[in-house]
Amino acid sequence: MKILVLGGDGFCGWPTALNLSDKGHDVVIVDNLSRRKIDVELSTSSLTPIETIDNRLAAWQEISGKKIDFECLDISSDFAELVQLLIKHQPDTIVHFAEQRAAPYSMKSSRLKNYTVRNNLCGTHNILNAIVESGLDIHLVHLGTMGVYGYGTAGMSLPEGYLQIYVQDEQGNHLPQEILYPANPGSIYHMTKTQDALFFQFYNKNDKVRITDLHQGIVWGTQTEQTSLDERLINRFDYDGDYGTVLNRFLVQAAMGYPMTVHGTGGQTRAFIHIKDSVKCVELAIDNPPEKGEKVQIFNQMAESHCLIDLAKKIAKETGAEIAYVPNPRNEAPENQLRVKNDKFKALGWNPKTLDQGLLQEVSDVTSKYMHRCDKDKIPCQSLWTKDCKAGAPNPKVQPKLKKVV
Ligand code: NAD
Ligand code: USQ
């Protein structure tokens, strides 16, 4: 298949592009490299030393004998070029990772709220609009988020996208209906994902665009089969207060001897998936497209749910790291339960990897190897959801005990 990977230079996109190329697909990465520019803006960088996109692609060709093309394009603004790109490459599938994906970054300032909305909504709409304009029958696979549901389950397991309800007519009859699960975003970033879902419903209804929306949980880990082949292929690893996600952050903090920054009580429960499984699920979604005219296909892409304090305690037990209960910089429920259905991927043969399968150790090995690159000043979460919130930093009077001076 010919596959365009939009956002293919990013944390999920890069290993996905390599996996698809490895499986024999003809892959083109489209990316405006905005994520690398945001690193410069935030004066931070990936814990792992990532190569330039040109060096990455040259290394992949040298090692695998396979070529991945690269197109530098801003999908949120370069509409005419995007249409030309589709006509030039005639893809069977587009995988869409190309969004601003950090909730804290999206809440950092009014400028960044505007940027996130403009980038994500214009980007997603441009893709759908360009698919129709091109006249091609392209399957769009979008990386969405578990956060579209909010994290409360009203006592039931979260279904995969749609909710069966009954409405009462004037005669008192209960009539069945299927609706999109009610959106309940917790950040500007998550809000853009709930709005992407409406674009998908419209273009699917009006133009019969074939769409798969993957509601993915928090991705952890860093390396996959292909990124491990050579250091020049290494995947990015974010640990900073804006882009680092919770489990990867706890593992870096543990390696650094920095107390694990649990926001509030740590009673928040979230869905998780390892990067190797994320890559596998995207491959399965590509191999199992909806039929023309079929409604938007929605999969929950998550392996397991965990309460944050349980994760922190597990890591503390294994590494001796300390736990710091810090103020929660976010406006979110202090505690929640979360049960999620993930039957659709399992029905396609997916066997999810869990935390207990040696994967924590693998990440700890990576963090230990590159901990000299960690800037501990970048660890606290400084982005506040409201003016009443406080930064998620440990008490300055209690200095973190560093295992190594960095
Ligand atoms: P990332 O920031 O590492 O990668 C996104 C890539 O898209 C970057 O390379 C960036 O330069 C590119 N990009 C952004 N805007 C663009 C634009 N307008 N035009 C062209 N390229 C653009 O993010 P990630 O962690 O790889 O996430 C990828 C997708 O997966 C996102 O849509 C995110 O919402 C979703 N997702 C991620 C996670 C996670 O834990 N990382 C979890 C669930 C869902
Ligand atoms: N948290 C801590 N300590 C930290 C960092 C975070 O306790 O040091 C808490 C947060 O307050 C939150 C939870 O951990 O309750 C998750 O935060 P996160 O930054 O790991 O994840 P989130 O902001 O939800 O976003 C990430 C990705 C996003 C994706 C989402 C999937 O950045 O792209 O959509 O996970 S989900 O969480 O399922 O919505």
Side-chain angles (χ1 to χ4, degrees), residues 5-16 29-39 46 53 71-78 82 95-107 115-116 118-120 122-124 126-127 142-151 185-187 189-190 192-193 196 214-220 235-236 238-239 241-250 253 260-273 275 278 282 300-302 305 308-309 311-312 324-326 328-330 332-334 336 338 340 379-381 385 392-393:
V5 180
L6 313 184
D9 187 45
F11 170 59
C12 298
W14 173 243
T16 298
I29 287 177
V30 181
D31 203 299
N32 66 349
L33 307 181
S34 53
R35 180 67 194 88
R36 292 176 185 257
K37 291 170 198 148
I38 290 172
D39 268 350
S46 164
I53 184 72
E71 304 269 6
C72 190
L73 196 79
D74 184 337
I75 60 153
S76 72
S77 58
D78 304 338
L82 185 58
V95 193
H96 174 26
F97 293 99
E99 297 188 73
Q100 191 301 97
R101 71 100 176 131
Y105 187 76
S106 79
M107 300 298 289
Y115 164 70
T116 302
R118 205 172 45 244
N119 188 64
N120 294 3
C122 292
T124 299
N126 276 347
I127 297 162
H142 170 252
L143 272 293
T145 173
M146 286 300 305
V148 294
Y149 303 118
Y151 308 101
S187 72
Y189 153 72
H190 286 100
T192 63
K193 294 288 187 177
D196 282 346
L214 304 174
H215 290 179
Q216 183 166 242
I218 301 171
V219 184
W220 65 285
N235 198 14
R236 65 174 302 126
D238 297 307
Y239 68 91
D242 291 309
Y243 274 87
T245 51
V246 66
L247 181 50
N248 277 1
R249 277 169 58 77
F250 284 174
Q253 291 167 354
M260 288 181 284
T261 52
V262 171
H263 291 166
T265 61
Q268 307 93 317
T269 302
R270 294 290 182 271
F272 292 86
I273 182 167
I275 185 74
S278 173
V282 173
N300 288 339
Q301 186 165 312
M302 57 76 72
S305 291
L308 303 186
I309 189 60
L311 286 180
Y325 294 89
V326 301
N328 195 341
R330 305 186 185 203
E332 62 184 359
N336 67 288
L338 186 63
V340 181
I379 290 180
C381 292
W385 260 233

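In each ligand, atom 1 is the first atom listed, and ligand 1 is the first ligand listed. Just so it is clear, the model here is predicted, and its values are computed rather than measured.
The distance from ligand 1 to the heavy atoms of G144 drops below 4.0 Å at these ligand atoms: 43 (C), 44 (C). For ligand 1, the atoms closer than 4.0 angstrom to any heavy atom of L143 are 29 (C), 30 (O), 32 (O), 35 (C). Annotation for ligand 1: atoms under 4.0 Å from non-hydrogen atoms of D9 are 9 (O). Listed by number with element, the atoms of ligand 1 under 4.0 angstrom from any heavy atom of R35 are 2 (O), 8 (C), 9 (O), 10 (C), 11 (O). When each atom of ligand 1 is checked for a heavy atom of Y189 under 4.0 Å away, the hits are 33 (C), 34 (O). Which parts of ligand 1 touch I75 is read off a 4.0 Å heavy-atom cut-off, strictly below it: atoms 17 (C), 18 (N), 19 (N), 20 (C). Residue-ligand proximity, L33 to ligand 1, at heavy-atom distances under 4.0 Å covers atoms 11 (O). Residue contact check: V219 has heavy atoms under 4.0 Å from atoms 38 (C), 39 (C), 40 (O), 42 (C) of ligand 1. When each atom of ligand 2 is checked for a heavy atom of Y151 under 4.0 Å away, the hits are 24 (O), 36 (S), 37 (O), 39 (O).
Of all the listed residues (R330, Q100, E332, E99), R330 holds the heavy atom that lies closest to atom 22 (P) of ligand 2. Compare K193, Q301, H263 by their heavy atoms: the one nearest to atom 10 (C) of ligand 2 is in H263. Of the options M107, R101, M146, the smallest heavy-atom separation from atom 28 (C) of ligand 2 is shown by R101.
Using a 4.0 angstrom heavy-atom cutoff, Y243 does not count as in contact with ligand 2. In this structure, Q216 counts as a contact residue of ligand 2, since one of its heavy atoms falls inside 4.0 Å of the ligand. At least one heavy atom of S34 sits closer than 4.0 Å to an atom of ligand 1. Residue contacts with ligand 2 include G217, since one of its heavy atoms falls under 4.0 Å from the ligand. Using a non-hydrogen distance threshold of 4.0 Å, H215 does not register as a contact of ligand 2. Residue-ligand proximity: G217 is placed with a non-hydrogen atom under 4.0 Å from ligand 1. Within the structure, ligand 1 has K193 among the residues with a heavy atom less than 4.0 angstrom away. Heavy atoms of D238 stay at 4.0 angstrom or farther from ligand 1.
Below 3.5 Å of separation, one finds no N or O of Y115 facing any N or O of ligand 1. Between H96 and ligand 1, a contact under 3.5 Å exists for no N or O pair. Checked by distance only, ligand 1 and F11 come closer than 3.5 Å through their nitrogen or oxygen atoms.
The nearest heavy-atom contact from the protein to atom 29 (C) of ligand 1 is F97 O, 3.5 Å. Summary of contacts: the protein heavy atom closest to atom 33 (C) of ligand 1 is R101 CB, 3.4 Å. When hydrogens are left out, the protein atom nearest atom 22 (C) of ligand 1 is N32 OD1, 3.0 Å; that is the closest non-hydrogen contact. If you check which protein heavy atom lies closest to atom 26 (C) of ligand 2, you get T245 CG2, 3.8 Å. Nearest protein heavy-atom neighbour of atom 9 (O) of ligand 1: D31 OD2, 2.7 Å. Atom 14 (O) of ligand 2 has its closest protein heavy atom at L308 CD1, 3.2 Å. Atom 36 (N) of ligand 1 has as its closest protein heavy atom Q216 NE2, 3.5 Å. Looking from atom 30 (C) of ligand 2 to the surrounding protein, the closest heavy atom is T145 OG1, 3.8 Å. Among all non-hydrogen protein atoms, the one lying nearest atom 3 (N) of ligand 2 is T261 O, 2.6 Å.
The closest donor-acceptor contact from the side chain of K193 to the backbone of L143 lies under 3.5 Å. Counting only distance, with no hydrogens or angles, the side chain of S106 and the backbone of Y189 share a donor-acceptor pair below 3.5 Å. No donor-acceptor pair under 3.5 Å is formed between the side chain of W385 and the backbone N or O of N328.
By the ring-ring contact (aromatic ring centres under 6.0 Å, His included) test, Y243 is found to be paired with Y105, residues two or more places apart in sequence or in another chain being considered. Contacts of D31 classified as salt bridge (Lys or Arg N to Asp or Glu O under 4.0 Å), with partners at least two apart in sequence or in another chain: none.
A distance of 14.0 Å separates CE of M302 from CG of L214, quoted to the nearest 0.5 Å.
Checking Q253 against T261 by side-chain atom types alone, a donor-acceptor pair falls below 3.5 Å.
Ring geometry for H215 against Y149 counts as perpendicular: the plane angle is over 60°, on a 0 to 90° scale with 30° as the lower cut.
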